[in-house]
Number of protein chains: 2
Amino acid sequence: MSAESQRGRKPRADVQRNRAALLEAAQRHFLRDGVGASLEGVAKEAGVGPGTLYRHFPTREALLAAVLQTRSAELVARRADIAGLRDASERLRQWLRAMEEYFSAFSGLPEPLMAAAREQEPGNPLTLPCDDLIATTEEYVRAAQQVGHARPSVKGYDLYLAAVWLAWTKGTGAHDEEALDRLRALIERGYCEQGGPE
Amino acid sequence: MSAESQRGRKPRADVQRNRAALLEAAQRHFLRDGVGASLEGVAKEAGVGPGTLYRHFPTREALLAAVLQTRSAELVARRADIAGLRDASERLRQWLRAMEEYFSAFSGLPEPLMAAAREQEPGNPLTLPCDDLIATTEEYVRAAQQVGHARPSVKGYDLYLAAVWLAWTKGTGAHDEEALDRLRALIERGYCEQGGPE
DNA sequence: ACGAAAACGGAGGCTGGCTCCGGACAAGCT
DNA sequence: AGCTTGTCCGGAGCCAGCCTCCGTTTTCGT
């Protein structure tokens, strides 16, 4: 645990303080203005200069990944809830909903998510967490397939993309909840074995 | 037809020339750099100043809408081809493909498309053409429903959103053609009546 | 050919991203 | 405590792109 923090010299106090302040300010700005929020504004609100921000987080994606890391507690909580469900198909459905909500945290989040999924070399700090989510989705899909509730041709990646889509539509397009429900139903009929949920 | 061009005074020659040059330059830039291309660059390539560009097209969306208008010949050609098909479900399928390809013309096009679908007041120049496409989709959907090839609960708007999604995924995410095919199949199973295309 | 109306176009203000380096400051040693 | 050293801070500054305003130029009608 603390073995890593002792490697090399020592962790300076102001570094941790600034990092925490930046993360908090960034989260607030992302919540209010979306992922395109002004980084200068974030730095100002955190009480540091732009240089400090860019040293801690060289790119917007790096900052975003760190903030998302902070919020990942949501997802692990959801996974715990999901584990209690009996039906594998219900677990898959709830997992997709959990991802969709997670991706809806900040307006404009789906774009960098897609960009991260594209890159093979992890120059993008979002790539690793995304691959992790895709792998998790794949597990849920496999379980649902084994009980005959998901078509064999469906991949975890497909449903991950579908979750990103729903989040994107929610944030970008019509905020019509009816339309979103129809879209979710459409996706579900698309991956379920003949006949769908009913 | 020409009644409008004679109303008031007359259309100046340089206006038409500049407008045409702007449209051509804009199309080239959008093709190369996506919809976020530098408008200053467009103006420079068209051989006019920024002021001229903004007088002709007050916003980026207005320019985009005009360029898209230019390209709509594609779509009407596709509609003519589609009209020759026997099966209503095949017509719907082809129409969705046609929209998907049309929306893939410029990288980043899906975002303004979604933004346009959201607004009710047509301050956005893209809103009208989009509503037109949605209405057309609705027609194809109705026809497919009447021969029992599409579920009654599906709306034209849903499949329009799906087409935008596919274009977005193609442009933004993995360029994996296999994955796109799986996504298309998923959508299709989602809107078809029990059993899907096979 | 001339005058008025319309259009041009570039200078310039503004915002936000990103860099670079002189100065400050914390950690450890004596 | 005081010093040394290396890290870290932070703002001045540069660049790119958006958009506007107004003096100048072009065009059309007579």
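Keep in mind it's a predicted model, so treat the numbers as computed, not measured. Scope of the values below: all heavy atoms of this structure, side chains included, with no hydrogens, waters or symmetry mates. Convention: sequence-line order gives letters A, B, ...; per-chain numbering from 1.
Look at B:T52 and you won't find any side-chain N or O under 4.0 angstrom from OP1 or OP2 of C:dA7. Of the side-chain N and O atoms in B:S38, one or more sit less than 4.0 angstrom from OP1 or OP2 of D:dC18. The side chain of B:H56 places no N or O atom within less than 4.0 Å of a non-bridging phosphate oxygen (OP1 or OP2) of C:dA7.
Counting to the nearest Å, the P atom of C:dA7 and the CD atom of B:Q16 are 11 Å from each other. Rounded to whole Å, the distance from CG on B:L22 to C1' on C:dC8 is 12 Å. Atom-to-atom, CG of B:D33 to P of D:dC18 comes out at 11 Å; the value is rounded to the nearest Å. When rounded to the nearest whole Å, the span between CZ of A:R19 and C1' of D:dC9 equals 17 Å. Summarising the geometry, the separation between NE2 on B:H29 and P on D:dA16 is reported as 16 Å, rounded to the nearest angstrom. The NZ-P distance, from B:K44 to D:dA16, rounds to 10 Å in whole Å. The separation between A:L53 atom CG and D:dG11 atom P is 13 Å, rounded to whole Å. Atom CG in B:D14 sits roughly 17 Å away from atom P in C:dA5 (whole-Å rounding).
Heavy-atom contacts from other residues, nucleotides or ligands closer than 6.0 Å to CZ of A:R142 number 12 or fewer. Heavy atoms of other residues, nucleotides or ligands lying less than 6.0 angstrom from CD of B:E74 number more than 12.
Aromatic rings from A:Y160 and A:Y140 are positioned such that their centres are separated by 6.0 Å or more.
In terms of position along DNA chain C, the nucleotide closest to A:G36 lies nearer the 5' end than the nucleotide closest to the other residue of the pair A:G36 and A:G51. Each of A:G47 and B:R60 was assigned the nucleotide of DNA chain D with the nearest heavy atom; the assignment lying further toward the 5' end belongs to A:G47.
When the side-chain hydrogen bond (donor to acceptor under 3.5 Å, both in side chains) test is applied to A:H56, no partner is found at least two apart in sequence or on another chain. The side-chain contact (heavy atoms from CB on, under 4.5 Å) search around B:E177 returns B:L180, B:D181, B:R184, not counting sequence neighbours.
Residue contacts for B:R17: at a heavy-atom cut-off of 4.0 Å it reaches the sugar-phosphate backbone alone, with no base atom in range. Using a 4.0 Å heavy-atom cutoff across all strands shown, B:A37 reaches sugar-phosphate atoms only and no base atom.
Closest to the side chain of B:R12, from the set D:dC19, C:dC18, C:dA5, is C:dA5. The side chain of A:V48 lies closest to D:dG10 when the candidates are D:dG10, D:dC19, D:dC9. Picking from D:dC18, C:dG17, D:dG10 the nucleotide with the shortest atom distance to the side chain of B:E40 gives D:dC18. Listed candidates were D:dC9, C:dC8, C:dA27. Nearest to the side chain of B:V15 is C:dC8. Listed nucleotides C:dG17, D:dC28, D:dC18 differ in distance to A:Y54; the shortest reach to its side chain belongs to C:dG17. Among D:dT20, D:dC9, C:dC8, the nucleotide with an atom closest to any side-chain atom of A:N18 is D:dC9.
Ion pairing between a basic and an acidic side chain is recognised when a charged N comes within 4.0 Å of a carboxylate O; A:R28 and A:E45 show such pairing.
Between the base of C:dA7 and the side chain of B:R55 there is no donor-acceptor pair shorter than 3.5 Å.
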